[in-house]
Amino acid sequence: MTTTNNLGQIKMNEKFTKPYNPADTEDRIYKMWLESGYFNPDNLPARFSEPFTIIMPPLNANGHIHAGHALAMTLEDIMIRYKRMQGYKALWVPGTDHAGFETQVVYEKKLEKEGRSRFKMDSAELYGEIMAFTLENKKHIEGEIQKMGASCDWSRNKFTLDEKIVKEVQRTFKKLFDDGLVYRGSRIVNWCSKHQTSLSDVETENKEQKDSFYYFKYGPFVIGTARPETKFADKYVVMHPDDKRYAQYKNGQKIEIEWINGPMTATIIKDAAVDMEFGTGVMTITPWHSAIDFEIAERHGLDKEQIIDWRGKLLPIAGEFAGMKIAEARPKIVEKLKSKGLLEKIDDKYQHSVPCCYKCGTVIEPQVKEQWFVKMKPLAEKALQAVAEEKVKFVPDNFRKIFNYWMENTIDWNISRQIVWGIPVPAKHCLACNEYFVDLDDSISKCPKCGATGADKIVKDTDTFDTWFSSGQWPLLALGYPDSSDFKTFYPTNVMETGSDLIFKWIPRMVIFGLYLAKKEPFKDVYLHGMVNDAQGKKMSKSKGNVVNPLDLIAKYGTDALRMGLIVGNTPGNEMSLQENKIKGYKNFTNKVWNIARFVFENTQDFEVDEKNAMPVHPWLVQLSGTIIPDITSDMDGQRFHLAAEKAYHYVWHEFADKILEESKPILKSGSAEERRAVQHALLEILATSLRILHPFMPFVTEEIWSHMPGEKGSVLIIEKWPK
RNA sequence: GCGCGGUUAGCUCAGUUGGUAGAGCAUCCCCUUGACGUGGGGAGGGUCACAGGUUCGAAUCCUGUAUCGCGCACCA
């Protein structure tokens, strides 16, 4: 530490009041940091040379930050501040996400409250309104990121709908298309009949429920089903080829049967997908409304017929039941089958789970729909390989298994959504021959397949991309891929820090796109924090009313206290309960640090040292540099921030304050001039080191005290060196 | 059904390679000491879910059981 001989100038100025008041300090300090320019690695002094990069997971610009964001911002900020102090050219790129479907759902709720509906709105008008809504929220959320103390580079702030990003996402689509990795296909998709869009496999949620399970006579067979309303046109009856009970029936054999709306011809199909143990071992299939049935139909080249329309109502094929909603039709259909003597029995204790829209809870109706799909298998194989070669590592490591499981069991990814809020799919559709083709800059007006022209034949695809299609490319896009100097300098990034729930939704897609586009993994470490629950360990939810707003906690206890409360004792990957008492305890600690500084400053006002006369190393300092610092540094390097924070806390309070300060008192009061000087020197040294160690965790109070450190006039703690 | 994680002080949770159990809050006692009462000193409180095993030694490693939570998949 540099000490000067003008320490008599230290004054307990008016800012050094008691107790410490975060509200008076934090915004001022954050502003000072912004003005220093050091959040931008380009402005760091030359000794900061080796890059260290974190890309902030783009926050959804449709609401406010929640406890999970607060934890993420804290962890990422700790990492970036620590590395910056170690002399890395630290870059943390902030960003926000338009969050396609999520935001549209939020906005639709708003419309609903106002008695409006998106289905009655012009798409340009709707887009404009959502854009205004999003930009407003984006501003709020960026302010909230700042309240958390995030030392990210705002000059590089990104938004998923930035023009350049939109273009790049569309170019990726074209590249995938050209490489044969994107195709237009009719496949089973998850259809939400409320939101009128298809959803990917990760946008559905399974709900456990108890239903009736019906057994019906179907010709010579008894079939079981939980969904009688889909059965009108079931003309294939399927059983396992090895099922001896039905050995007399041959694949392809036709039988005449009596069914819901009269007699029909059924065809026998033998397929190993049937579970002989379940029900009667015989089932009829509805390929249009079931993924399994669809696959059986594909294998055997069978007809597929739509029974339920896009709004969830029965089509004319249902005869007298046409136009009815499922819930209404089901009992009536069962009643009719019963009256025809076709009902064998009802098992009303059937436990199963049904997929629902993760936003509105509406039961998903599988539908066959023509959509854009990404072929996942070849992409997933590369991702698996990168992980196997440890180019991408997980903290904690057990998430590797989940990643692998997910990548080994991919299904083709439906990337098109029937909503306006998102990045447009840059494609056109020829109505004459049903050909779809990519058109990046809206320049093709002639069908490349059949040559048709004219606005009545060639129409633009109105779908938008799944949000994960753009956010999956985020590490690239946030750095200005493909031709920016940032991309060359900072890619691949060092750490991707995000919530553990994104291990399959997001992480694999980023790995895939990074490897596919840049031929290099997007990040070396994936650090996954657990979910933040309420004080009782229950998941926070609006409906339960147990949501804790981090901004309220900041107002009550200060950001530093909140950060410590989120970090100490919180191991990666594990859920945590947010205890307000704990945060209160760290508010006390913030004050403690403040008062330690007050004591040190008050008792060193007359301290003078001739820099030529090196002070002898005090035993207190030996302990600090010999044990405490290496220990904490090792925890930081091992990404055990929960331990590092606790150890720093413990040292500062229970060693520095409780023991060292107390021991110093009698010497300061009645020691010899030389003894006093030695103690004063040691106290200043320990204070300076403590501030450095605490800084990544508690940036505000430490920076504020630093600004009062004798001999450190004009220096900024954020770029001070991590102690050794 | 498959997979993952938890089970440690009254509560919420730590415990890095196995070496006599820790933190915060809560409880009890003492201290109106000029850095801080948002404080200081001290105390109580745990057969580390259970049962085996490995070891000189296990909260920690192995096997099994129970239980809670989460995720995935579906059997129509």
Side-chain angles (χ1 to χ4, degrees), chain A residues 12 16 18-20 201-202 204-206 213-216 223-228 230-231 234 237-239 273-286 289-293 296 350-355 396 398-402 404-406 409 500-501 503-504 530-531 533-539 557-558 561 564-565 568-571 573-603 631 634-635 637-640 642-647 649-650 653-654 657-658 661-662 664-665 669 683:
Chain A
M12 293 300 106
F16 235 105
K18 62 172 183 173
Y20 172 66
D201 47 344
V202 294
T204 66
E205 217 167 56
N206 293 315
F213 192 78
Y214 308 92
Y215 289 89
F216 298 120
I223 59 147
T225 184
R227 300 201 60 191
T230 64
K231 297 279 148 202
D234 281 13
V237 58
V238 190
M239 58 217 73
V274 176
D275 182 349
M276 289 186 270
E277 309 293 316
F278 187 81
T280 57
V282 184
M283 66 176 185
T284 60
I285 58 168
T286 315
H289 298 288
S290 154
I292 296 285
D293 297 3
I296 293 173
Y350 178 56
Q351 273 290 357
H352 67 154
S353 54
V354 293
N398 60 293
F399 281 102
R400 195 186 62 228
K401 289 184 223 165
I402 299 174
N404 286 344
Y405 176 82
W406 207 258
N409 296 283
S500 55
D501 55 332
I503 180 63
F504 46 84
M531 301 295 100
N533 297 325
D534 75 2
Q536 281 75 44
K538 299 241 167 62
K539 203 171 174 177
Y557 307 109
M564 283 296 277
V568 175
N570 182 9
T571 46
N574 287 336
E575 294 187 356
M576 76 168 301
S577 306
L578 188 57
Q579 307 278 317
E580 195 163 330
N581 267 343
K582 190 173 163 193
I583 296 163
K584 195 174 156 193
Y586 289 111
K587 187 193 178 189
N588 296 349
F589 178 58
T590 318
N591 194 48
K592 190 76 182 178
V593 175
W594 185 251
N595 282 302
I596 288 169
R598 276 161 45 86
F599 176 87
V600 173
F601 292 158
E602 272 172 16
N603 286 286
D631 197 15
S634 137
D635 283 334
D637 290 337
Q639 290 166 309
R640 297 182 294 270
H642 61 294
L643 289 182
E646 190 176 346
K647 284 171 185 169
Y649 164 89
H650 196 266
W653 195 322
H654 300 298
D658 289 352
L661 248 47
E662 292 306 321
S664 77
K665 282 177 183 173
K669 203 171 175 184
L683 290 181

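Keep in mind that this is a model prediction, so the values were computed, not measured. All heavy atoms count here, side chains included; hydrogens, waters and symmetry mates do not. First the proteins, then the strands, lettered A, B, ... as listed; each starts at 1.
Residue contacts for A:Tyr586: at a heavy-atom cut-off of 4.0 Å it reaches no nucleic acid atom on any strand shown. Nucleic acid contact for A:His650: none, since no nucleic acid atom lies under 4.0 Å from a heavy atom of the residue. The residue A:Lys231 sits close only to the backbone: its heavy atoms come under 4.0 Å of sugar-phosphate atoms, none of a base. Using a 4.0 Å heavy-atom distance criterion, A:Asp275 is classed as a base contact. When heavy atoms are screened at a 4.0 angstrom cut-off, A:Thr225 is found touching the sugar-phosphate backbone but no base atom.
Straight-line distance between the P atoms of B:rG5 and B:rU63: roughly 12 Å, to the nearest whole Å. Between the C1' atoms of B:rC11 and B:rA51, the separation comes to 29 Å (whole Å). On the P atoms, B:rA49 is 12 Å away from B:rG6, given to the nearest whole Å. Taking atom C1' in both B:rA26 and B:rA43, one finds a spacing of 14 Å when rounded to whole Å. Rounded to whole Å, the C1' atom of B:rU27 lies 9 Å from the corresponding atom of B:rG45. Atom C1' of B:rU7 sits at a distance of 25 Å from the matching atom of B:rG44, rounded to the whole Å.
Of the two residues contacting RNA chain B, namely A:Ser577 and A:Asp293, the nearest-nucleotide position lying further toward the 5' end is that of A:Ser577. Closest-nucleotide positions on RNA chain B for A:Ile402 and A:Glu205 were compared, and the one nearer the 5' end corresponds to A:Ile402.
Side chains of A:Ile503 and A:Tyr405 form no contact here, defined as non-hydrogen atoms less than 4.5 Å apart. A 4.5 Å side-chain heavy-atom check between A:Ser500 and A:Phe399 finds at least one atom pair inside the cut-off. Residues A:Leu578 and A:Ile583 have side chains in contact (heavy-atom distance under 4.5 Å, counting atoms from C-beta outward). Looking only at side-chain heavy atoms (C-beta outward), A:Leu683 and A:Leu661 come within less than 4.5 Å of each other. Looking only at side-chain heavy atoms (C-beta outward), A:Ile296 and A:Met283 come within less than 4.5 Å of each other. For the pair A:Tyr586 and A:Tyr557, the minimum side-chain heavy-atom distance is 4.5 Å or more.
Look at CG on A:Asp501: it is 18 Å from P on B:rG5, rounded to the nearest Å. Rounded to a whole Å, the CG atom of A:Asn398 is 7 Å from the C1' atom of B:rG5. A:Met576 has its CE atom 18 Å from the P atom of B:rC11, to the nearest Å. Rounded to an integer number of Å, the gap from NZ of A:Lys538 to P of B:rC70 is 11 Å. B:rG10 atom C1' lies 13 Å from atom CD of A:Gln579, rounded to whole Å. If you measure from atom CG of A:Asn206 to atom P of B:rC70, you get 13 Å, rounded to the nearest angstrom. A:Ile223 has its CD1 atom 15 Å from the P atom of B:rC75, to the nearest Å. One atom, OH of A:Tyr405, and another, P of B:rG5, lie 15 Å apart when rounded to the nearest Å.
One N or O on the side chain of A:Lys582 and one on the backbone of A:Val568 form a donor-acceptor pair closer than 3.5 Å. Formation of a donor-acceptor pair under 3.5 Å by the A:Glu575 side chain with backbone atoms of A:Gly530 is not found in this model. With A:Asn533 contributing its side chain and A:Ser577 its backbone, the two residues share no donor-acceptor pair below 3.5 Å. The main-chain N or O of A:Asp293 is found under 3.5 Å from a side-chain atom of A:Ser290 such that the two form a donor-acceptor pair.
No more than 12 heavy-atom neighbours from other residues, nucleotides or ligands sit within 6.0 angstrom of NZ on A:Lys584.
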In B/S/- notation, 5' to 3', how is nucleotides 26-42 of chain B contacted by protein heavy atoms closer than 4.0 Å? ---------BB-BSSS-

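Stem list for RNA chain B (at least 3 consecutive Watson-Crick or G-U pairs, distances under 3.5 Å): B:1-7 with B:66-72, B:10-13 with B:22-25, B:27-31 with B:39-43, B:49-53 with B:61-65.
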Every protein N/O lying under 3.5 Å from an N/O of nucleotides 14-17 of chain B:
residue	atom	partner	partner atom	Å
B:rA14	OP1	A:Thr571	OG1	2.8
B:rA14	O5'	A:Gly569	O	3.3
B:rG15	OP1	A:His642	NE2	3.1
B:rU16	O2	A:Arg640	NE	3.3
B:rU16	O2	A:Arg640	NH2	3.0

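Ring geometry for A:Tyr20 against A:Trp594 counts as tilted: the plane angle lies between 30° and 60°, on a 0 to 90° scale. Using a 30° and 60° split on the angle between ring planes, A:His654 and A:His650 fall in the tilted class, from 30° to 60°.
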